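Following: one structure in structure tokens, then a few remarks.
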Amino acid sequence: MIRDVEVLVIGGGPAGLCAAKAAADSGAHVLLLERDDTPGGQLVKQTHKFFGSERQFAGTRGFQIGEMLVDEINAHENIELMTDATVLGMYEDGIVTVLKDEKHLKLRPVKTIIATGAAEKFLTFPNNDLPGIYGAGAVQTLMNVGGVKPADKVVMVGAGNIGLIVSYQMLQAGVEVECVVEALPNIGGFLVHASKLRRAGVPILTRWTVKEAYGNGKLEGVILCQLDDKWQQIPGTEKDVPCDTLCLAVGLTPLAELAWQAGARCEYIRELSGHVPICDENLMTTVEGLYCAGDVSGIEEASSAMVEGRLAGYAVAVALGYDVENAQKEVDAAKAELVELRSGPMGGKIRAGIAKVEQKRGEA
Amino acid sequence: MRIEKHPILQFDRGEKVTFLFNGQEMEGYTHETIAAALHAAGVRELGHSQNLDRPRGLFCAIGNCSSCFMTVDGEPNVRVCVTKLKQGMVVEEQHGKGVVKG
Ligand SMILES: Cc1cc2nc3c(=O)[nH]c(=O)nc-3n(C[C@H](O)[C@H](O)[C@H](O)COP(=O)(O)OP(=O)(O)OC[C@H]3O[C@@H](n4cnc5c(N)ncnc54)[C@H](O)[C@@H]3O)c2cc1C
Ligand code: FES
């Protein structure tokens, strides 16, 4: 049996939650699908106070922002939230298939918003498949959701915000953080996070990388080495660091497979960290009625993911004819908010990425 | 090891249960995934790569990467990082592709 759905939102992270609420507030009926048993996306694991502006709850801990958004969704009579529900496929005839409790469901949505977030990137070096080499997100899931100590002694790779924040969270969980290794000549993340680590005595080694990992059946240590200006390993600088865990925080890449499957045009855009769907200013892909919001259309932050969610949700409401005047106002407000969020020096990369998307769209 | 004292978080682990890992009895909790319970008991090697039989552990812990395949209650290729523990579960390290029972 095929179930008809008015607005389908895929992914219950900040983008999906805000998209569902915006469409439902305007009067549309929304089905929100989340593959995990708890909605909230990346927010579920974030114990630190968020940066950003007040409208995006800066100063509140990430998981608490998630709980606030989920409470609003649960209280909303126009939204059905389905957890443990993974979208498997999107077909050219518009049918969406879902795995829910070992059952295969078929949906026929009028409008769809994809908000599936991102996957972690990997790094190549010998023995990078040893048990004990984990993504930063996995470490966070183990310790902040599972309540399990993720490591005794860890080496972190990556001094962007995620690497710095997860290192600090590991200290809070009683893990010995040996060092943070960063291939770039400088620290990418905010200095507040870096100085917290430095105060705790954790060295941040810039221009260093992982030469190889070793261990019998599981990780026992890593060989680190220095890099020269041309990113080549400098012989003779090797350092043997015994550890049971190596944590990789080397970036995320958009999880855009579903948009791809549905036939939306996708392009590789370096500044957005991978292959992304080419969307218009209302976040609609090249497939009529199919929208993308959040990290799936380019890696950014929870703050912008929430605003993109709102933008897509209200744009869908306008397209469906719900509360059009107000919804259009909200669409315009969200666009202005995004411009503001991306205006600082930290927004340079994302601005360059969006400019490329616009250019590609023009090429058709 | 489980985190007993955390400056920010409290953990609701659910009920204590026992399960079998490679025939050996172990303890865990119903709100934990199989991977979390095994990790807490010091088990990091979960399976083996299909062709070269190299040891594999978890990588993403959210069901994205398929690095954590194990055989659970006779069913192969179960992603144990997103499968919750149940009383009496039989969890086994997997070699090769696994055979789906008819
Ligand atoms: C350590 C760390 C610290 C951070 N700190 C900050 C910060 O201080 N400030 C800030 O603004 N941002 C921060 N961020 C970034 C922020 O968390 C992300 O940018 C944001 O969560 C992206 O939101 P999203 O909704 O696009 O994706 P996600 O939060 O990743 O949510 C996507 C959701 O979709 C679900 N999903 C995926 N595929 C499917 C499918 N096929 N079917 C059903 N559901 C699916 C996933 O399970 C997930 O719940 C941080 C990130 C990390 C990792
Ligand atoms: S660790 Fe990636 S799917 Fe389980």
Side-chain angles (χ1 to χ4, degrees), chain A residues 35-38 41-42 44-49 61-64 84 86 102 116-120 122 127-152 169-175 215-219 244-245 247-248 253 255 257, chain B residues 1-14 27-70 72-73 75 78-85 93:
Chain A
R35 69 175 171 190
D36 200 56
D37 62 353
T38 323
Q42 292 289 334
V44 172
K45 308 176 240 182
Q46 307 310 335
T47 49
H48 63 288
K49 294 185 175 144
R61 295 187 194 282
F63 73 95
Q64 289 161 336
D84 285 309
T86 306
E102 313 280 307
T116 46
E120 282 179 278
F122 203 51
N127 296 325
N128 64 0
D129 60 344
L130 277 172
I133 300 180
Y134 299 155
V139 161
Q140 279 198 305
T141 305
L142 277 178
M143 75 181 162
N144 295 348
V145 181
V148 171
K149 199 175 161 190
D152 286 326
Q169 292 178 356
M170 280 196 278
L171 289 177
Q172 289 181 315
V175 175
N216 188 5
K218 61 183 182 191
L219 185 72
D244 63 356
T245 305
C247 186
L248 302 180
T253 186
L255 263 184
E257 285 86 345
Chain B
M1 229 169 71
R2 290 183 177 80
I3 301 168
E4 299 304 340
K5 263 179 45 200
H6 194 283
I8 297 159
L9 296 170
Q10 283 171 333
F11 300 104
D12 168 16
R13 301 183 194 277
E27 278 181 353
Y29 294 86
T30 47
H31 291 181
E32 284 178 349
T33 60
I34 299 172
L38 287 173
H39 198 283
V43 177
R44 288 170 171 238
E45 185 174 334
L46 304 176
H48 302 268
S49 65
Q50 285 181 6
N51 296 325
L52 300 178
D53 205 46
R54 287 169 68 88
R56 282 286 188 274
L58 58 86
F59 174 69
C60 73
I62 52 168
N64 269 346
C65 75
S66 305
S67 177
C68 63
F69 278 175
M70 297 184 86
V72 177
D73 291 335
E75 187 187 331
V78 173
R79 292 169 304 167
V80 293
C81 71
V82 288
T83 307
K84 290 272 155 76
L85 203 59
E93 234 174 275

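Not measured: the values here are computed from a predicted model. Letters A, B, ... mirror the listed sequences (proteins, then strands); counts begin at 1.
- Between atom CD1 of residue B/Ile3 and atom CD of residue A/Gln172 there is a gap of 10.0 Å, rounded to the nearest 0.5 Å.
- The closest side-chain heavy-atom distance from A/Thr141 to B/Thr33 is not below 4.5 Å.
- Heavy atoms of B/Leu58 lying under 4.5 Å from chain A belong to its backbone as well as its side chain.
- Heavy atoms closer than 4.5 Å to chain B are found in the backbone of A/Val145, but not in its side chain.
- Within the 4.5 angstrom heavy-atom criterion, no atom of A/Thr38 approaches chain B.
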Would you please test B/His6 and A/Asn144 for side chain to side chain contact (heavy atoms under 4.5 Å, CB included) and show each step?
CA-CA 9 Å; B/His6 194 283; A/Asn144 295 348; 4.2 Å; yes
Report the C-alpha distance between A/Leu130 and B/Arg44 in whole Å, list the side-chain angles of each, state the deciding distance to 0.1 Å, and finish with yes or no for side chain to side chain contact (heavy atoms under 4.5 Å, CB included).
CA-CA 9 Å; A/Leu130 277 172; B/Arg44 288 170 171 238; over 6 Å; no
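- Proximity to chain B (any heavy atom under 4.5 Å) is restricted, for A/Ile133, to the backbone atoms N, CA, C and O.
- The salt bridge (Lys or Arg N to Asp or Glu O under 4.0 Å) check on B/Arg2 picks up B/Glu32, with sequence neighbours excluded.
- In terms of heavy-atom pairs under 4.5 Å with chain B, the best-connected choice from A/Pro150, A/Ala119, A/Gly132, A/Gly146 is A/Pro150.
- Listed for the A/Arg35 side chain is no donor-acceptor partner under 3.5 Å among the backbone atoms of B/Gly63.
- Residues passing the side chain to side chain donor-acceptor pair (under 3.5 Å) test with A/Thr47, sequence neighbours excluded: A/Gln169.
- Counting heavy-atom pairs under 4.5 Å between each of B/Lys84, B/Lys5, B/His31 and chain A puts B/Lys84 at the top.
- Contacts between A/Asp84 and chain B at a heavy-atom distance below 4.5 Å are absent for every atom of the residue.
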